[in-house]
Peer 1: 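Here it is, the structure, as structure tokens.
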There are 2 protein chains.
Amino acid sequence: MKLHLQIKMNEALFLRNPEGSELGKNILKHSIQLIFKAGFEAFTFKKLAEDIGTTEAGIYRYFENKHKLLVYLTAWYWGWLEFQISFQTNNIKDPTVKLKRVIKLLASAVEDDEQTSYINESLLHQIIITEGTKAYLTKQVGEDNKQQFFKPYKDLCAVIGKIILECSPKYKYPKSLASTIIEMAHFQTFFMNNLPSLTDFGKIKKEAEIIAFLNDIVFTSLKKS
Amino acid sequence: MKLHLQIKMNEALFLRNPEGSELGKNILKHSIQLIFKAGFEAFTFKKLAEDIGTTEAGIYRYFENKHKLLVYLTAWYWGWLEFQISFQTNNIKDPTVKLKRVIKLLASAVEDDEQTSYINESLLHQIIITEGTKAYLTKQVGEDNKQQFFKPYKDLCAVIGKIILECSPKYKYPKSLASTIIEMAHFQTFFMNNLPSLTDFGKIKKEAEIIAFLNDIVFTSLKKS
DNA sequence: TTATTTATGATAGTAATGCTATCATTTAAT
DNA sequence: ATTAAATGATAGCATTACTATCATAAATAA
């Protein structure tokens, strides 16, 4: 049996549901490829349309603008990652083991999981590293937040914060520590690959080092309290 | 005596030195105001020119494009901050006290310091929180890095990494911890003000809480090793 | 002092971006 | 078979992101 993982998306993110048609799925698929290749700044709906073989107007029927599309992709990613985490930490009793697992999932390269043919999770993960924060580092963050665009990110953060509290019920900063490890899993990866002198992994370039660093931060913080 | 703090800027960042003329200083001053007000995405040289009362072409004589201007502003900020840190931690012997001071400087609102009339450090600090990472989270990060655009950031990171090692000579991740506290000082501030459920300071909204969180992370990490 | 370089202002123009609108056609639902 | 919905094709328009040209003002060197 082929499981069909469908992530429930906030309907305010799109004009027409991209998962409901071939063109829509193509928009998702090719936008991931194009943002990955060109970067978000150089990414335009015109180029995307050419890639797909449709017209600009066709894209605009699905997404209001490229910002909404980026928010859609990041929301999809966080939803997918939360599912991966709940799936892969299921049946683990020891919260410490669970949290280690979470950190590994956050900082590891993702392999394309084939369940969703139109989303290449590996590429999407790399996009999130470089472009993910641009979804909320904007002037409209307040309105976007009111519309719940960042709920998947917040949910993930809450899940991780809970595991942190299970490890160490008296720890005072579970949510901030959660958002810190999420962001640092990405930033340290970006730095390692692009600005290596900002890290201690420049020579080795192994994600295992980043995982060790995050584990060190998290478990020394939690041991104390 | 009025001290005139001049930060030595990388000449590849500009076409004409903005600190060398009235128009140039106006570009710096008004770009900070306008980016703060409109956000970097909506910021254009046209609007900037109108604000200043000059023409678009006038701006282009100083900066190739708005990306370079942003990189210039961030580089200026990191250079300024490194000076602040070296100044304000001067004569402090105890590296632990020194590091606490650094964390406080990283996470505190900045008051405009009047030494540089054309740069409002308080506004610039707020810009760096929201827009700072966009200077390097781009496709051109490699070329920009080759041209040393991020040297001030790396230098600051190296300085903080050194203090970390003074506190705890065996600690394995001084540079990654340094880049982590720099970025988290900003991200936690942004989250606190805009996406408070990603932090534990939503209700209180005090930077003192962020400082306490960073201190907790840093000094538990260092105590152990 | 005049001559000359240099910075600015004013204006134009062009290709690309970020949309919106219209209408014909294909495809799907009733 | 009729109607509704999605797509394709084309047009158009305001803004953005530049580049170029020429005149003038200010600074500087001869």
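Note that the structure is a prediction, hence the values are computed from the model and not measured. Within every chain, numbering begins at 1; the chains are lettered A, B, ... in the order of the sequence lines, protein sequences first and strands thereafter.
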Peer 1: Compare side-chain N and O positions of B:Arg16 against OP1 and OP2 of C:dT8 and report whether any pair is under 4.0 Å apart.
Peer 2: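 Answer yes for this pair, as a side-chain N or O of B:Arg16 is under 4.0 Å from OP1 or OP2.
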
Peer 1: Look at the aromatic rings of B:Phe45 and B:Phe43 and report parallel, tilted or perpendicular, splitting at 30° and 60°.
Peer 2: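 Perpendicular, since the angle between the ring planes exceeds 60°.
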
Peer 1: Could you tabulate the donor-acceptor pairs under 3.5 Å formed by side-chain atoms of residues 148-159 of chain B, not counting sequence neighbours?
Peer 2:
residue  : atom : partner  : partner atom : Å
B:Lys151 : NZ   : B:Asp155 : OD2          : 3.0
B:Tyr153 : OH   : B:Glu183 : OE2          : 2.3
B:Lys154 : NZ   : B:Asn145 : OD1          : 2.7

Peer 1: Please state how far atom CG in B:Leu69 lies from atom C1' in D:dC18, giving the value in whole angstrom units.
Peer 2: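 After rounding, the reported distance stands at 15 Å.
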
Peer 1: Are any protein N/O atoms closer than 3.5 Å to N/O atoms in nucleotides 11-13 of chain C? If there are, list each pair with its distance.
Peer 2:
none

Peer 1: Whether the B:Gln188 and A:Ser179 side chains hold a donor-acceptor pair (N or O, under 3.5 Å, no angle test) is what I'd like checked.
Peer 2: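 Yes, A:Ser179 and B:Gln188 have a side-chain donor paired with an acceptor closer than 3.5 Å.
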
Peer 1: Not counting sequence neighbours, which residues clear salt bridge (Lys or Arg N to Asp or Glu O under 4.0 Å) with B:Glu64? List them please.
Peer 2: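 In terms of salt bridge (Lys or Arg N to Asp or Glu O under 4.0 Å), with neighbours along the sequence ignored, B:Glu64 is linked to B:Lys68.
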
Peer 1: Going by atom types alone, do B:Tyr173 and B:Thr180 pair a side-chain donor with an acceptor below 3.5 Å?
Peer 2: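 Side-chain D/A pair, B:Tyr173 to B:Thr180: absent.
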
Peer 1: What residues from residues 18-46 of chain B pass a heavy-atom cutoff of under 4.0 Å to DNA chain D?
Peer 2: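 Correct list: B:Thr44.
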
Peer 1: Got a salt bridge between A:Glu41 and A:Lys134, using NZ or NE/NH1/NH2 to carboxylate O under 4.0 Å?
Peer 2: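 Yes, charged N to carboxylate O under 4.0 Å.
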
Peer 1: Do A:Lys139 and B:Phe36 form a cation-pi contact, if we require the NZ or CZ to be under 6.0 Å from the six-membered ring centre and within 45 degrees of the ring's axis?
Peer 2: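 Output yes; distance and angle both within limits.
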
Peer 1: What is the distance, to the nearest angstrom, from the CG atom on A:Asn17 to the P atom on D:dA6?
Peer 2: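 From A:Asn17 CG to D:dA6 P: 11 Å.
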
Peer 1: Is the closest side-chain donor-acceptor distance between A:Glu121 and A:Thr116 under 3.5 Å?
Peer 2: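 Indeed, the side chains of A:Glu121 and A:Thr116 share at least one donor-acceptor pair under 3.5 Å.
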
Peer 1: Ring-plane angle category for A:Tyr77 and A:His186, please: parallel below 30°, perpendicular beyond 60°, tilted otherwise.
Peer 2: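 Tilted, since the angle between the ring planes falls between 30° and 60°.
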
Peer 1: Ring centroid separation for B:Phe187 and A:Phe187, is it under 6.0 angstrom?
Peer 2: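 For B:Phe187 and A:Phe187, the ring centres are under 6.0 Å apart.
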
Peer 1: When you measure from the side chain of A:Thr130 to the backbone of A:Ile127, do you find a donor-acceptor pair of N or O atoms at a distance under 3.5 Å?
Peer 2: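 A pair under 3.5 Å: no.
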
Peer 1: Just how large is the angle between the end axes of the helix from C:dT2-D:dA29 to C:dT30-D:dA1, five pairs per end, to 10 degrees?
Peer 2: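 Roughly 20° between the end axes, to the nearest 10°.
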
Peer 1: Tell me whether the side-chain N/O atoms of A:Lys47 come closer than 4.0 Å to OP1 or OP2 in C:dA16.
Peer 2: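 No, A:Lys47 has no side-chain N/O under 4.0 Å of OP1/OP2 on C:dA16.
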
Peer 1: Output the residues of residues 58-68 of chain B in contact with DNA chain C, where contact means a heavy atom of the residue under 4.0 Å from an atom of the strand; sort by number or write none.
Peer 2: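 B:Arg61, B:Tyr62 - these, ordered by number, are the residues of the stretch whose heavy atoms sit under 4.0 Å from the strand.
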
Peer 1: State whether B:Lys206 and B:Glu209 are salt-bridged, where the test is any N-O pair (Lys NZ or Arg NE/NH1/NH2 against Asp/Glu carboxylate O) under 4.0 Å.
Peer 2: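 B:Glu209 and B:Lys206: not salt-bridged.
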
Peer 1: Does A:Asp144 reach the main-chain N or O of A:Tyr136 with its side chain, forming a donor-acceptor pair under 3.5 Å?
Peer 2: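 Not a single qualifying donor-acceptor pair exists.
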
Peer 1: What is the separation between atom CD on A:Glu50 and atom P on C:dG18, rounded to the nearest whole Å?
Peer 2: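 Interatomic distance, CD of A:Glu50 to P of C:dG18: 13 Å.
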
